Amino acid sequence: MIDVLRPPCTKYVTHTTHWIHMISRLRLPLVAAVLAGYGIAGHASCDSGLAERMHEKLHPKRQLDHERAVCQPWRGVPGRFIVVLPLVRAGSEADMADFDLDVMVVQQADNGNTERAKVVSRMFEESALSEDAVRIADIKVDTARYTLAPETRAFGLRIVRQGSSRTNPFSNETLTLYVPHGLKLLKVLDKLETTLERGEWDTNCNGNFETVQGSLSIARTISNGYADLVLHQTRSGTRSVAQGDECTTQERPTKFGSKTLRFDGTAYRASEISAGY
């Protein structure tokens with residue numbers, strides 16, 4: 001599970017210090033070091049250049065977003081790598097890009113020769129990602145042990161988004177789970193919002209901020225052949241008010257909650273479940 005990041009204690013700060021503090025609170029990449037310990041890697045290609053090789057082989061005429069492309073060994077599955085290729089769609093602009101997404105499991109040759117790497121399972125999704133006022137800050141592969149059945153193990157894809165508004169800062173993270181099924185990848189969980197950070201303030205002091213941190217665990221119960229999933233969430237918030245030359249920040253009581261996701265034979269239905277419960 002992902003450790004919950006607790007907000008700082010109530011304190012009195014100057015306007016400048018408060019601004020820096022509030023903006024820094026809404027940066028999801030701060031948890032990168034924690035996520036690394038749970039088999040989650042951000043935008044990076046394998047040292048062997050496997051992601052680039054797959055791009056050249058499968059999409060030689062398409063533009064690859066190299067910064068967000070991901071290649072990571074599938075922890076616990078020898079010789080297999082997860083490759084994610086975000087392909088920029090025609091007509092996309094710098095700050096309003098649309099992406100097709102090619103997600104695949106690749107079997108690497110024993111000698112590490114990328115020329116002999118073989119795609120064993122794959123899902124190509126058109127217009128899978130888009131960004132305008134909310135940009136895609138990171139794409140990460142999650143290889144935690146999502147064992148859904150004795151012979152079925154999923155891997156995750158986490159998408160981190162960040163807003164551009166200073167007065168209404170926003171960021172969130174969603175989790176999608178894939179299961180190999182022959183030559184195909186099946187999407188069994190689609191864009192479950194696990195983390196949410198948002199706020200509204202006057203850019204000086206007065207305002208409200210909210211943070212919801214979540215983690216997913218495997219339950220012992222089973223629905224339609226797959227283990228149930230439990231989403232654990234912690235919600236915290238702060239309210240800031242200017243008092244003379246000082247800015248008072250007060251924490252709100254922390255709330256805890258959990259929800260069970262059950263497999264319906266096709267997917268875990270998460271459309272009505274979000275971090276802002």
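Being a predicted model, the structure only gives us computed values, none of them experimental.
By the side chain to side chain contact (heavy atoms under 4.5 Å, CB included) test, Thr174 pairs with Ile159, Asn172, Lys191, Glu193, sequence neighbours left out. Annotation: ring-ring contact (aromatic ring centres under 6.0 Å, His included) contacts of Phe263 (sequence neighbours excluded): Tyr226, Tyr268. By the salt bridge (Lys or Arg N to Asp or Glu O under 4.0 Å) test, Arg53 is found to be paired with Glu56, Glu115, residues two or more places apart in sequence or in another chain being considered. With sequence neighbours excluded, the residues that form a ring-ring contact (aromatic ring centres under 6.0 Å, His included) with Tyr178 are Phe155. Contacts of Val241 classified as side chain to side chain contact (heavy atoms under 4.5 Å, CB included), with partners at least two apart in sequence or in another chain: Asn206, Arg239. For Ser130, there are no side-chain hydrogen bond (donor to acceptor under 3.5 Å, both in side chains) partners at least two apart in sequence or on another chain. In terms of the salt bridge (Lys or Arg N to Asp or Glu O under 4.0 Å) criterion, residue partners of Arg262 (sequence neighbours excluded) are, by chain and number, Asp228. Taking the side chain to side chain contact (heavy atoms under 4.5 Å, CB included) definition, one finds that Arg135 meets it with Arg68, Glu131, Ala137, Gln162, sequence neighbours left out. Among residues two or more places apart in sequence or in another chain, the salt bridge (Lys or Arg N to Asp or Glu O under 4.0 Å) test is passed with Arg62 by Asp100. Ala227 is linked by a side chain to side chain contact (heavy atoms under 4.5 Å, CB included) to Ile218, counting only residues two or more places apart in sequence or in another chain. Taking the ring-ring contact (aromatic ring centres under 6.0 Å, His included) definition, one finds that His181 meets it with nothing, sequence neighbours left out.
A side-chain donor from one of Ser240 and Thr249 sits under 3.5 Å from a side-chain acceptor of the other. A donor-acceptor contact under 3.5 angstrom links the side chains of Gln243 and Thr248, judged on distance only.
Inter-residue side-chain proximity for Asp102 and Arg122 is flagged as met; some heavy-atom pair is nearer than 4.5 Å. Inter-residue side-chain proximity for Val84 and Gln72 is flagged as unmet; no heavy-atom pair is nearer than 4.5 Å. Between Pro86 and Leu64 there is a side-chain heavy-atom pair separated by less than 4.5 Å. Residues Arg116 and Gln108 are not in side-chain contact: their nearest non-hydrogen atoms beyond the backbone lie 4.5 Å or more apart. The closest side-chain heavy-atom distance from Trp74 to Val106 is not below 4.5 Å. Residues Leu189 and Leu261 have side chains in contact (heavy-atom distance under 4.5 Å, counting atoms from C-beta outward). Looking only at side-chain heavy atoms (C-beta outward), Met123 and Lys184 stay at 4.5 Å or farther from each other. Using a 4.5 Å heavy-atom cutoff, the side chains of Leu157 and Asp142 are not in contact.
In this structure, Thr195 and Gly214 approach most closely via the heavy-atom pair OG1-N, 4.2 Å. The two residues Thr143 and Arg75 make their nearest non-hydrogen contact at O-NH2, 3.6 Å. Contact detail for Ala154 and Leu177: the closest heavy-atom pair is CB-CB, 4.4 Å.
Sequence neighbours left out, the pairs with a member in residues 77-86 that pass side chain to side chain donor-acceptor pair (under 3.5 Å) are Arg80-Gln107.
In this structure, Glu125 places its CD atom where more than 12 heavy-atom neighbours from other residues, nucleotides or ligands lie under 6.0 Å away.
Here OG of Ser215 is found 7.5 Å from CG of Leu231. Values are rounded to the nearest 0.5 Å. Distance check, rounded to the nearest 0.5 Å: OG of Ser223 to CG of Asp264 gives 9.5 Å. Here the CG-OG1 distance, from Leu185 to Thr176, works out to 12.0 Å after rounding to the nearest 0.5 Å. Between the CG atom in Asp65 and the CD1 atom in Ile139 there is a gap of 7.0 Å [rounded to 0.5 Å]. Distance check, rounded to the nearest 0.5 Å: CG of Leu50 to NE2 of His55 gives 13.5 Å. For the atom pair CG (Asn208) and CZ (Arg198), the distance works out to 11.0 Å, reported to the nearest 0.5 Å.
We find that Lys140 and Glu173 are joined by a salt bridge, their nearest charged nitrogen and carboxylate oxygen being less than 4.0 Å apart.
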